[in-house]
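Starting from 1, each residue takes its place in the sequence as its number. Counting starts at 1 for both ligands and their atoms, following the listed order.
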Amino acid sequence: MRHIRTNAFNPVSPEQADFLQDIIISIDDELIVAIKSFSAHQGAWEDYRDCIVTPGFIDLHVHLSQYRIRGIYYPALLPWLEHTVFPEEAKSRNPDFARHISEDFYRALWRNGTTYSVIYTAPYREAAEMAFIMAQEMGVQARIGMTLMDMNSPDGMQQSTDYALRNSIELNELYQNQMLGYIFTPRFAPTCSEILMREIGTYAKRNRSFIQTHLSENPDEIRWVKELFGKSSYTQVYQDVGLLSPRTILGHAIHLSDAELALLKDSASAIAHCPDSNFYLKSGEYPLSRIAQQGIAFGLGSDVGAGTTLNMLYHAKQMNYRQSKHPVLPAEMLYRITRANAMILGLDHRIGGLKEGLQADLNIFQVPSGFDIEEHSLSQLCFMSEDFQLKEVLVKGKNKLPAY
Ligand code: GUN
Ligand code: FE
């Protein structure tokens, strides 16, 4: 049992983060068992009075197999995929390579305070399975998918439809436990046949499985989808093959008509907004106000490797900076990297908040020396996170940071 004397911010809604000043967080094994005012505490305690605590961060969209190509620049999606991404993902067919990159990636997630993530790997069973094996060995929490591409893909990467389906379903059956789950991962419409997407949609509906893909990121990509499928919109392609559902997470979703927003809303699909990536690749500005107005669920993803870092506070800051008019406030910045993502994953009864009975997935940040710890500390954490030192990152009560 630990009793941590500290201060904290608990995300409640896009409008509200509760500031908890001078409290005791009591942790028993994996769970938060009590949060109360210090004045009501009796007995021993650990001194973290110069710190603030947040829930562990959740990354809703990240490509493990692209971890080492961050920052290798190509100024548009399709040439970047061809020249940088595909040759890198091809390396993860080698189990030894896949093991090392998985290990490096998981350690880097923890160093940045990410305690749950939703992961794309590469178009090889070896890559996805090694990501699961290492996650199991290291105690990582994630949903992980084998990236699927059965058309318009380079030699040596293009899967047969049968390979894509069979291995996805096998991995889905093999890896389901308290820490890990599968997510069906058709890469995006340009590299996925209608049959593949339809079969995934049918299986996922029957088994209530999660699905992730990319949607309407870039104008050239959207034109290509129009040529290939001839539908009224990109979103309509996914709707018609049955990929939209309350357990579907769509990366980007930048260039959308009102009719497309209605399809997302009616299907209760969710969006992974990736602001850093959207401006790195010059994809465009996320229509945050329109999406919020529609009541479509969305959270934040790093989209590493088009995103340059796994640091979710950096992405929260980018969410603010990459809106030219709409000012995103600190309460929403915290919410979108914690509770919003937990709700999209159906895990808000376990993670994404600070409450008795939730998992002890916590970040403990040391506030810069001499700074006050007040309501405004959340704003400072969001906008100048570089100056806050992560002292502990707890996953189910266990500190995942290396001892220095
Ligand atoms: N669209 C299809 N594949 C990818 C990818 O790997 N990254 C991004 N940002 N967009 C994609
Ligand atoms: Fe992506």
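Between I4 atom CD1 and L394 atom CG the span is 6.0 Å, to the nearest 0.5 Å.
Considering only heavy atoms from C-beta on, Q136 comes within 4.5 Å of Y175 through its side chain.
Ring planes of W45 and F38: perpendicular class, angle over 60° (limits at 30 and 60°).
A distance of 6.0 Å or more separates the ring centres of F188 and H252.
Contact between W80 and ligand 1 is present, with at least one heavy atom of the residue lying under 4.0 Å from the ligand.
Nearest N/O/S atom of D303 relative to the Fe ion (ligand 2): this is OD1. Of all N, O or S atoms in H214, the one lying closest to the Fe ion (ligand 2) is NE2.
The only option from I271, T213, I211, L345 that meets the side chain to side chain contact (heavy atoms under 4.5 Å, CB included) definition with I249 turns out to be L345.
The nearest protein atom to atom 10 (N) of ligand 1, hydrogens excluded, is given as E217 OE1, 2.7 Å; this is a heavy-atom distance. Nearest non-hydrogen protein atom to atom 3 (N) of ligand 1 is R187 NE, 2.8 Å.
With a heavy-atom cut-off of 4.0 Å, L81 touches ligand 1 through its side chain alone. With a heavy-atom cut-off of 4.0 Å, E221 does not touch ligand 1 at all.
Of all atoms in ligand 1, listed by their number and element, those nearer than 4.0 Å to a heavy atom of D303 are 8 (C), 9 (N).
When the shell of 6.0 Å around CG of L174 is examined, it contains more than 12 heavy atoms from other residues, nucleotides or ligands.
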